[in-house]
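All of these numbers come straight from a predicted model, not from anything done at the bench. Position 1 is the first residue of the sequence, and the numbers go up from there. Any value given below was found using the heavy atoms of this structure, including those in side chains, with hydrogens, waters and symmetry copies removed.
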Amino acid sequence: MPDLRTIKTKKSIENAFLELRQKKNLEDIKVSELYSIALINKTTFYNYYSDIYELSNELEEKYLQQCFLGFNGYDCLFKNTEKFIKGIYNSFNNNNTIQILFSNRINMLVEKTQKYLLEFYKKEINTDEKTMCVIFIIQGAFILLNYKSKQEEKLNLLIDIATNIIKQKF
């Protein structure tokens, strides 16, 4: 059973990090700022993390996992492409913590998502064409997150293109 003090301390560190991340780029966050906000000492921080990047990576992995587990259609990329694309788009578009963690780092979000999904679908993605198709869909969905106008129109276009590619090729 996890120690309650450890859980509280790590939650305090997480909250402080997210607070700082809303205001600053990852590279600009200092451990001293973080432990001051989290109301812990320097040694306590280093008991859990070697640096700010390890903390960031742990939180990114945690919240990406939650995002994937919570998105409707995660397992239907080749069976129901529309459901998959809408699911991934809505899951990431509606997750404020993911947006905070990956602000100014969309490429890292895309890279981690690709890695995660390619691993999940590794039995079905057995050709270079399928790999390229999955990467196209993932990158298309994330590019849409950056658009502020006509998102629905662009989402439908991505769905049409991806669905046609999958029907023709697979």
Legend entry - Heavy-atom side-chain proximity of Asn95 to Phe102 below 4.5 angstrom: no
Inset, instruction - Working to the nearest 0.5 Å, report the span between NZ of Lys86 and CD1 of Ile159. - result: 5.0 Å
Legend entry - Side chain Ser56, main chain Ile52, donor-acceptor under 3.5 Å: no
Inset, instruction - Check ring-ring contact (aromatic ring centres under 6.0 Å, His included) between Phe84 and all other residues, then give those that pass, not counting sequence neighbours. - result: Phe71
Legend entry - Ser12 side-chain N/O to Lys8 backbone N/O, donor-acceptor pair under 3.5 Å: no
Legend entry - Polar contact flag, side-chain donor to acceptor under 3.5 angstrom, Ser103-Gln99: no
Legend entry - Under the side chain to side chain contact (heavy atoms under 4.5 Å, CB included) test, residues paired with Phe78 that sit two or more places apart: Tyr121, Glu124, Ile125, Lys130, Val134, Ile166, Phe170
Legend entry - Separation of Lys24 NZ from Arg21 CZ (nearest 0.5 Å): 11.5 Å
Inset, instruction - Give the intermediate values and the outcome of side chain to side chain contact (heavy atoms under 4.5 Å, CB included) for residues Thr97 and Leu59. - result: CA-CA 9 Å; Thr97 304; Leu59 293 177; over 6 Å; no
Inset, instruction - Kindly compute the distance separating CG (Leu109) from CG (Leu64), expressed to the nearest 0.5 Å. - result: 6.0 Å
Legend entry - Residue that, paired with Lys62, satisfies side chain to side chain contact (heavy atoms under 4.5 Å, CB included) out of Gln66, Glu60, Gln65: Gln66
Legend entry - Flag, side chain of Thr131 to backbone of Thr127, donor-acceptor distance under 3.5 Å: yes
Inset, instruction - Show the numbers, then the answer: is there a side chain to side chain contact (heavy atoms under 4.5 Å, CB included) between Tyr49 and Val31? - result: CA-CA 10 Å; Tyr49 306 101; Val31 173; over 6 Å; no
Inset, instruction - Please test Ile7 against Asp3 for side chain to side chain contact (heavy atoms under 4.5 Å, CB included), starting from the C-alpha separation and ending with a verdict. - result: CA-CA 6 Å; Ile7 293 169; Asp3 179 25; over 6 Å; no
Inset, instruction - Quick one: pull up CD1 in Ile135 and CG in Leu118 and give me the separation to the nearest 0.5 Å. - result: 5.5 Å
Inset, instruction - State whether the side chain of Asn164 and the backbone N or O of Asp160 hold a donor-acceptor pair below 3.5 Å, judged by distance alone. - result: yes
Inset, instruction - Ignoring hydrogens and angles, state whether a donor on the side chain of Asn57 or Lys112 is under 3.5 Å from an acceptor on the partner side chain. - result: yes
Legend entry - Where Glu54 and Tyr48 come nearest, the two heavy atoms and their spacing: OE2-O, 4.0 Å
Legend entry - Sequence-distant partners of Phe68, ring-ring contact (aromatic ring centres under 6.0 Å, His included), two or more places apart: Tyr74, Phe92, Tyr116
Legend entry - Contacts of type side chain to side chain contact (heavy atoms under 4.5 Å, CB included), residue Ile161, not counting sequence neighbours: Phe136, Leu157, Ile165
Inset, instruction - Check for a donor-acceptor pair, side chain of Thr81 on one end and backbone N or O of Ala162 on the other, with a separation under 3.5 Å. - result: no
Legend entry - Separation between CG of Asn107 and CD of Gln139, rounded to the nearest 0.5 Å: 8.5 Å
Legend entry - Glu27 backbone acceptor or donor facing Asn25 side chain under 3.5 Å: no
Legend entry - Closest approach of Ile100 to Leu18 (non-hydrogen atoms, all atoms of both residues): CG2-O, 3.8 Å
Legend entry - Main-chain N/O of Tyr89 paired to Asn93 side chain as donor or acceptor, under 3.5 Å: no
Legend entry - Neighbour count above 12 (heavy atom, 6.0 Å) for Asp128 CG: no
Legend entry - Connected via hydrophobic side-chain network under 4.5 Å: Met132 and Leu158: no
Legend entry - Nearest heavy-atom neighbours spanning Asp28 and Glu33: O-OE1, 3.7 Å
Legend entry - Within-4.5 Å side-chain heavy-atom neighbours: Thr163 and Lys167: yes
Legend entry - By salt bridge (Lys or Arg N to Asp or Glu O under 4.0 Å) - contacts of Lys123 (at least two apart): none
Legend entry - Main-chain N/O of Cys76 paired to Asn80 side chain as donor or acceptor, under 3.5 Å: no
Inset, instruction - Could you walk me through whether Thr113 and Ile88 pass the side chain to side chain contact (heavy atoms under 4.5 Å, CB included) test, one step at a time? - result: CA-CA 10 Å; Thr113 302; Ile88 196 168; 3.9 Å; yes
Inset, instruction - Could you tell me whether Lys115 and Glu119 have a side-chain N and a carboxylate O separated by less than 4.0 Å? - result: no
Legend entry - salt_bridge(Glu14, Lys11) N-O dist < 4.0 Å: yes
Inset, instruction - With the side chain counted from C-beta on, respond yes when Ile85 and Leu77 share a heavy-atom pair under 4.5 Å apart, and no when they do not. - result: no
Legend entry - Presence of salt bridge, Glu58 and Lys10, under 4.0 angstrom: yes
Got a list of side-chain donor-acceptor pairs under 3.5 Å for residues 36-43, not counting sequence neighbours?
{"unit_1": "Asn41", "atom_1": "OD1", "unit_2": "Thr43", "atom_2": "N", "d": "3.1"}
{"unit_1": "Asn41", "atom_1": "OD1", "unit_2": "Thr44", "atom_2": "N", "d": "2.8"}
{"unit_1": "Asn41", "atom_1": "OD1", "unit_2": "Thr44", "atom_2": "OG1", "d": "2.8"}

